[in-house]
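First the structure, in the form of structure tokens, and then the observations on it.
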Amino acid sequence: MIVDPPTAPKAIEIGHRLARRTGRMHASAIREILKVASRPGMISLAGGLPAPESFPVDIVRQLCDEVLSEDGERVLQYHATEGYGPLREALVPFLAERGVHTSVDDVSIFHGSQNVLDTLAKVLISPGDVIAVESPSYLGALSAFDAYEPNYVMIATDDEGVLPDDLDRVLREHPVKLVYLVPTFQNPTGRTLSPERRVRVAEILREHDALLLEDDPYGMLRYEGTAPLPLHALAPERVVYTSTFSKILAPGLRLGFVVAPRALSRWMVIAKQGVDLHTNTLGQAIAAAYLSGGYLTAHLPKILELYHPRRDAMLQALENHMPDGFVWTRPEGGMFLWVIGPERVDGEALNARCIEHGVAFVPGRFFHADDSGSHTFRLNFTAANRTTMDGAVRLMADAARAMLSASA
Ligand SMILES: Cc1ncc(COP(=O)(O)O)c(C=O)c1O
């Protein structure tokens, strides 16, 4: 008997089944650029990844072995949603050194600070609620918030971060549920909110009874200068502070932490319970040992020694090669700097030209919640070494010069 091969069943239609909020989600606009940037032979100034040579692989191997030998049954078990006790305990003095004074009960552990952004928006934001963001802002935060269907209002910035007067205006004119800032070595600009403005921002938050999320993944990557106080230190009752192990240990562990007013962190923990029960315990135990065993103190200088000369090399290359009309930030730390060109140099067109010659960066337009920023771009200075960086910036400069003379 001959049996016909089964015909493939028709693929299920998904479009009409999607939730309304899914319509607000989209693949990151810079994913395509990052895909191109990771092609063999490309020099990428586009990525936001820590340099792989910064990872303390041997330390993680040793600590993994230690925590499994000493406490294997506990670190492989389900655990409390708030986080693994020894990590929460180790974070209290770690945070205090950075000006964030808190107690074990007020620190919770999440899967990266990205998980914190999502969870906070989940508990605060109903469709149409207003989130105030600096312009430009961290793209990943906008993606996390988008799922909760907010409306955005933009706060103007300059070289010292957000303009307090504009924050004041925004809070006066809009019913803002949440203000979101990256005040130190911001992604994408590398800018840091000045100490004077921090004091004023804290006053404004109080004047308007506002709540702010301070996202601080880069504060520990400081190559020079003095760290300003975190906003949390200036208004702890109305600032949610989040940071991460991604840049000081390894992003693959997906470990972030948050300090929030207790009435709010309670809800964040309840929300997290319904999503993933808790953050992975083995990773938390490794991070706890990394902090309490003094490994971070020993390893952080190595990360800074790797990145500091790369930051210098990028600044020098821009100085040497960029044509007149381009200006850029000079961050004292972090991973990015921000270039602003003449309005007739479109960042996307420049990037396309550079990609043809083997260099990629991220056009700044993608970091704006509106359509502005077309002549800006973000450069990562931690991934490439000095010689490579010089060649990449020279190529960008030549491409920019060619565009300028074509449009003259
Ligand atoms: C400003 C900012 N916030 C949050 C994150 C997410 O970090 P994590 O790896 O902790 O989720 C990043 C990642 O690069 C970032 O730049």
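Each ligand, and each atom within it, is numbered from 1 in the order the structure gives. These values consider heavy atoms only, across backbone and side chains, with no hydrogens, waters or symmetry-generated copies. Being a predicted model, the structure only gives us computed values, none of them experimental.
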In the protein, which heavy atom is nearest to atom 11 (O) of ligand 1, and how far is it?
R254 NH2, 2.7 Å
With rounding to the nearest 0.5 Å, note down the distance linking NE2 in H111 to CG in D276.
5.5 Å
Closest protein heavy atom to atom 1 (C) of ligand 1, given as residue, atom name and distance to 0.1 Å:
D215 OD2, 3.4 Å
Using a strict 4.0 Å cut-off to heavy atoms of T244, name the atoms of ligand 1 that fall inside it.
8 (P), 10 (O)
Using a 4.0 Å heavy-atom threshold (strictly under), name the region of K247 that reaches ligand 1: side chain, backbone, both or neither.
side chain
Enter the distance from Q273:CD to T119:OG1 here, rounded to the nearest 0.5 Å.
12.0 Å
Heavy atom to atom 16 (O) of ligand 1, shortest distance: which of F185, F257, Y218 holds it?
Y218
Once rounded to the nearest 0.5 Å, what's the spacing between atom CD1 of I109 and atom OH of Y84?
11.5 Å
For atom 7 (O) of ligand 1, what's the nearest protein heavy-atom neighbour? Residue, atom name and distance, please.
S113 OG, 3.3 Å
Contact atoms of ligand 1, heavy-atom distance to N187 under 4.0 Å:
16 (O)
I'd like to know if F245 contacts ligand 1, where contact means a heavy-atom distance under 4.0 Å to any ligand atom.
no
Going by an N to O cut-off under 4.0 Å, is there a salt bridge joining R17 and E13?
no
Pick from V339, L45, L337: which one makes a side chain to side chain contact (heavy atoms under 4.5 Å, CB included) with F377?
V339
For the residue pair Y241 and D106, confirm or rule out a side-chain donor-acceptor distance under 3.5 Å.
no
With a cutoff of 4.0 Å, is P217 in contact with ligand 1, counting heavy atoms of the residue only?
yes
What's the shortest distance from atom 5 (C) of ligand 1 to any protein heavy atom, and which residue and atom give it?
Y138 OH, 3.4 Å
Does the pair R200/E207 count as a salt bridge with the N-to-O cut at 4.0 Å?
yes
With respect to H111, determine whether any N or O atom, backbone or side chain, lies less than 3.5 Å from an N or O atom of ligand 1.
no
Find all atoms of ligand 1 within a distance of less than 4.0 Å from any non-hydrogen atom belonging to S246, and give their numbers and elements.
8 (P), 9 (O), 10 (O)
Would you find a donor on one side and an acceptor on the other, under 3.5 Å apart, between the side chain of R330 and the backbone of W328?
yes
